[in-house]
**Student:** 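Please find one structure pasted underneath; my questions will follow.
Each ligand, and each atom within it, is numbered from 1 in the order the structure gives. Along the sequence shown, residues are numbered consecutively beginning with 1.
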Amino acid sequence: MKGYEKYTPFGRITQITQREWPDKLIEKAPIWCSVDLRDGNQALIDPMNVDEKIRMFEELVRVGFKEIEVGFPSASETEYEYLRALIDRNLIPDGVTIQVLVQAREHLIRKTFEAIDGAKNVIVHFYNSTSTLQRKVVFHKDMDAITEIAVNGAKLIRELTEQMDTGHMNIRFEYSPESFSGTEPEFAVAICDAVAEAIGADEAHPIIFNLPSTVQLSTPNIFADQIEYFSKHIAHREAVILSVHPHNDRGTGVADAELALLAGADRIEGTLFGNGERTGNVDIVTLALNMFTQGVDPQLDFSDIKRTRRVYEQCTRMRVHERTPYAGDLVFTAFSGSHQDAIKKGTDYMAESHSDKWEVPYLPISPADVGREYEPIIRINSQSGKGGAAFIMQQMFGYYMPKDMHPEFGYYVKAAADAKGKELTPQEIFDIFDREYLHARSPYALGRHDLYNTNAADDDTSVTRFSGTVKCHNEEIRIEGEGNGPIDAFFDAMKKLNLPKFKFLNYHEHAIGSGADAKACAYVELLTPEGANVFGVGVHSNINVASIKAVVSAVNRALNRYNQ
Ligand code: KIV
Ligand code: ZN
């Protein structure tokens, strides 16, 4: 027998013929319930201590969760104490409902009711396992016996709620047929109907039925069928809030949750960044931001995702992977040349068109929407293209190189990345630019000089004169010239240097920075007698000086080619 032959395929277990979910879209946010402090916490190597749980709770509240499962207070003293701390220290805002988990067992339910005393809004969440496999190998019980456990739990919870002084408390109920994904759908419906009746659910007091893929067993379409079947067959749908609780064994927790919403789910239980048993619970950050990028308000605020991630990492001691959607270190970064080029074109287009729609290729969300606007979108290694280095110079250092210059600069950057064999930092890219263009001061360096305009007396023409020195190998040479602008005048003065015949091709300028510290940056493109295009760059607080420095930079770079 081959290894894979021992597994039974999970086929269609529901007789659902006219499924509606494939034609639907997600158009509104579900009710979110965070289970970070229970399902997430119970999966940690070192569970959170009380202070960490409080910090996490406060972050969940800040993000906007209105329902938060805070623990399993009958399971351990820490859990009990933590719940009491939340209630006794008044840490639960009025609009937030805490949820407590308990197995459908008498002594645990009684202890849970002691633990919640005094909380304003509580969901008592009880469960027992219902799947075919668990009935067979764990409980050795038939469907009736499993139903009896759930119904007895429901009756006791109803009784304890009636006995409790609930004048100042709002207690609601949730039941999970645990291992729902492996439960016959007809049985899941039957046991939930029995629970709804035992607990007295009605439209005004709906019960939450939470359907977990405790273990993911199928492709998401089959899970969606299971949810749609349940939603359509449960006896009193109006008395039910349909919740799902996907885990991620097959890596499709998000897909399960999204299809479940199409199939009729009203509510989702999950965790930040998908922490939880084994491969985790469904990642609510991804789900919420997926909705955001479809133009749907997720009703959760992840606009400061770095903060949420920091709290999560510090409290759980787990790490958010570099490729985690929206939050990973590398998810807004492109190394590949063609991607960098398209991103640059997209961001330039956004700036020029003032479009209020997000239209940048390769970036499904604006980094700014999750508080990541200052991170390098483009990073440079040996696979990067010319546009990438230009983008870094633009975004990080304020240099807007003319497009025709990108290939030339890209060539130096690529050579450096190849030589290093690793990613280049933005500073290393700037250093290449600085060395190659701004410090191209040999053989000629601009010395002291004057530039002045002489205006004709009777019309508005004027002549610019250059008079000054250039230094070449420690020799100071005095040159003078005139023309219709500073560059022209300087070219005229340079005739004395007997240089090869360079042709002036193009000129660009822009400001760097603003206010009193602003500088001018000039770019000059020359054509050498051999037909090569060479660029030079000059920066100075005076635009005329910046232009002349750009000419000197270009001339030196061209002359240095002869010496190579
Ligand atoms: O995954 C699961 O089935 C659970 C239940 C207790 C809801 O966590
Ligand atoms: Zn779970």
**Student:** Under 3.5 Å, is there a donor on one side chain and an acceptor on the other for Asp369 and Trp358?
**Tutor:**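 Asp369 vs Trp358: no donor-acceptor pair found between side chains.
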**Student:** Would you call the rings of His245 and His247 parallel, tilted or perpendicular, where under 30° means parallel and over 60° means perpendicular?
**Tutor:** tilted
**Student:** Quick one: name the protein N/O/S atoms under 2.8 Å from the Zn ion (ligand 2), chain by chain.
**Tutor:** Asp39 OD2, His245 NE2, His247 NE2
**Student:** Once you measure the plane-to-plane angle for Tyr362 and His339, does it fall in the parallel (<30°), tilted (30-60°) or perpendicular (>60°) bin?
**Tutor:**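 Tyr362 and His339: parallel rings.
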**Student:** For the atom pair OG1 (Thr183) and CG (Leu133), what is the distance rounded to the nearest 0.5 Å?
**Tutor:**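 Thr183 OG1 to Leu133 CG: 10.0 Å, rounded to 0.5 Å.
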**Student:** Between the side chains of Asn210 and Glu269, does any donor sit under 3.5 Å from an acceptor?
**Tutor:** yes
**Student:** State whether a side-chain donor-acceptor pair under 3.5 Å links Arg38 with Gln99.
**Tutor:** no
**Student:** Would you mind listing each N/O atom of ligand 1 next to any protein N/O under 3.5 Å, plus the distance?
**Tutor:**
| residue | atom | partner | partner atom | Å |
| --- | --- | --- | --- | --- |
| ligand 1 | 1 (O) | His245 | NE2 | 3.2 |
| ligand 1 | 1 (O) | His247 | NE2 | 2.9 |
| ligand 1 | 3 (O) | Thr214 | OG1 | 2.5 |
| ligand 1 | 8 (O) | Arg38 | NH1 | 3.4 |
| ligand 1 | 8 (O) | Arg38 | NH2 | 3.0 |
| ligand 1 | 8 (O) | Asp39 | OD2 | 3.2 |
| ligand 1 | 8 (O) | His245 | NE2 | 3.1 |

**Student:** Is there a donor in the side chain of Asn128 and an acceptor in the side chain of Gln103, or the other way round, less than 3.5 Å apart?
**Tutor:** no
**Student:** Hydrogens and angles aside, do Asn49 and Tyr82 bring a side-chain donor and acceptor to less than 3.5 Å of each other?
**Tutor:**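 There is no such pair between these side chains.
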**Student:** Do Phe126 and Val195 have side chains that approach each other closer than 4.5 Å (heavy atoms only, starting at C-beta)?
**Tutor:** yes
